[in-house]
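Everything below concerns the one structure shown next.
Not measured: the values here are computed from a predicted model.
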Amino acid sequence: GAALVVAAAVYGGITGPIVDAFEDLPETMIDVMGGDPSRLLDGYVSTMALSFAIVLAVFVILGLLGARGEETKGRAEPVLATATSRSAWLGGHIAVIAAGVAVLLAVSGLVLGIATAVSVSDAAYVWDTTAAHLVYVPALLVLLGIAVLLFGLVPGAVGATWAVFGFATIIGFFGPIMDLPQWVHNLSPIEHVARLPLEELSWTPLVILTAVAAGLIALGLFGFGRRDLDTK
């Protein structure tokens, strides 16, 4: 969290000079920044929001791998031998990760927004930048849901979530310059999030992503409640 705040302050503080330096960017870089050379400031903000979301995707995966480590190292078993239910134990991990994602996105977005607003002398970017970060919460919850589903049904494959992370990162940053069919882009949950403030906010994809995340988490909790503990 501290690192995100510092990074947000630094990258927001240099927004003005950075955007001025973007005027002579090659066409491929403009595509990465949103594709609109007349709105490079908005493109920069949306790209920074994507960058922070990708960083927090690592937080999501490591959080679930922490729960997996508690299980495999035998520390979960004595806890679950008490009145603590499996759903409460795993649900606690999930709740902390989900809350952490929302809080860290909000804080980093707010700090980046304040620094950006000061740098470009436009107070509107405080809210615009914060919102640009928060819209990634549902997508990161889908990633969490995938990890929970694997944890509940195929615990040894939880690490495969890194493959989803890698795919989403590549598509998120380099998808605009890659000649890939749209259905490939649609496989990444991040691709369904509007890149604010460059694009218009659409609530429908966010609601669908949240519903998908809830379904994946519910299936993962169901599976964990019925499988044997995997201790090594």
Side-chain angles (χ1 to χ4, degrees), residues 4-5 7-60 101-102 104-143 165 167-178 180 182 184-210:
L4 288 174
V5 167
V10 171
Y11 286 113
I14 62 175
T15 297
I18 287 292
V19 173
D20 290 340
F22 284 167
E23 293 180 357
D24 298 322
L25 280 178
E27 185 176 346
T28 53
M29 287 303 298
I30 292 177
D31 289 338
V32 171
M33 297 290 293
D36 190 344
S38 66
R39 299 183 62 190
L40 288 179
L41 174 55
D42 290 343
Y44 173 75
V45 169
S46 68
T47 301
M48 291 308 305
L50 172 63
S51 300
F52 279 90
I54 292 297
V55 170
L56 284 168
V58 176
F59 164 76
V60 168
V101 163
L104 290 174
L105 278 174
V107 171
S108 58
L110 178 61
V111 173
L112 183 70
I114 293 172
T116 297
V118 172
S119 180
V120 301
S121 300
D122 188 346
Y125 277 97
V126 175
W127 163 247
D128 288 346
T129 306
T130 303
H133 285 66
L134 285 173
V135 290
Y136 283 102
V137 171
L140 293 182
L141 291 181
V142 170
L143 183 65
F165 163 79
F167 173 76
T169 301
I170 293 172
I171 293 298
F173 285 114
F174 304 110
I177 60 175
M178 298 173 70
L180 296 172
Q182 185 59 44
V184 176
H185 291 262
N186 292 340
L187 293 175
S188 169
I190 287 177
E191 285 299 291
H192 299 279
V193 177
R195 295 186 61 172
L196 304 179
L198 194 62
E199 300 173 352
E200 291 293 329
L201 175 62
S202 177
W203 287 102
T204 301
L206 301 184
V207 172
I208 294 174
L209 286 172
T210 302

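- The two atoms that bring Phe52 and Ser108 nearest to each other are CD2-CB, 3.9 Å, heavy atoms only.
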Just distance, no hydrogens or angles: give the donor-acceptor pairs under 3.5 Å from side chains in residues 200-208, sequence neighbours left out.
none

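- The side chain to side chain donor-acceptor pair (under 3.5 Å) search around Asp122 returns none, not counting sequence neighbours.
- Val193 and Glu199 make their closest contact through O-OE1, 4.4 Å (heavy atoms, listed as atom of the first residue, atom of the second, distance).
- Within the 4.5 Å cutoff, no side-chain heavy atoms of Asp128 are placed close to those of Thr116.
- Applying the side-chain contact (heavy atoms from CB on, under 4.5 Å) test to Ala131 and every residue at least two apart in sequence or in another chain returns Trp127, Leu196.
- Remark: Leu187 engages Phe167, Trp183 in a side-chain contact (heavy atoms from CB on, under 4.5 Å) (not counting sequence neighbours).
- Considering every non-hydrogen atom in both Ala115 and Ala8, the closest pair reads CB-O, 4.2 Å.
- A donor-acceptor pair is defined here as one N or O able to donate and one able to accept, closer than 3.5 Å; no such pair exists between the side chain of Ser188 and the backbone of His185.
- Nearest heavy-atom pair, Gly16 versus Ser119, reported as atom, atom and distance to 0.1 Å: N-OG, 2.9 Å.
- Taking each heavy atom of Leu209 and His192 in turn, the nearest pair found is CD1-CB, 4.1 Å.
- Residues meeting the side-chain contact (heavy atoms from CB on, under 4.5 Å) test with Leu104, sequence neighbours left out: Leu4, Leu56.
- Counting all heavy atoms, side chain and backbone alike, Leu180 lies closest to Ile171 at CD1-CD1, 3.7 Å.
- Within the 3.5 Å criterion, the main-chain N or O of Val126 finds no donor-acceptor partner in the side chain of Thr129.
- No side-chain heavy atom of Pro138 sits under 4.5 Å from any side-chain heavy atom of Pro189.
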Scan the side chains in residues 42-50 for donor-acceptor partners under 3.5 Å anywhere in the protein, sequence neighbours excluded, and list what turns up.
{"unit_1": "Asp42", "atom_1": "OD1", "unit_2": "Tyr125", "atom_2": "OH", "d": "2.6"}
{"unit_1": "Asp42", "atom_1": "OD2", "unit_2": "Arg39", "atom_2": "NE", "d": "3.0"}
{"unit_1": "Asp42", "atom_1": "OD2", "unit_2": "Arg39", "atom_2": "NH2", "d": "2.7"}
{"unit_1": "Tyr44", "atom_1": "OH", "unit_2": "Tyr11", "atom_2": "O", "d": "2.8"}
{"unit_1": "Ser46", "atom_1": "OG", "unit_2": "Asp42", "atom_2": "O", "d": "3.3"}
{"unit_1": "Ser46", "atom_1": "OG", "unit_2": "Gly43", "atom_2": "O", "d": "2.9"}
{"unit_1": "Thr47", "atom_1": "OG1", "unit_2": "Gly43", "atom_2": "O", "d": "2.8"}
{"unit_1": "Thr47", "atom_1": "OG1", "unit_2": "Arg195", "atom_2": "NH2", "d": "2.9"}

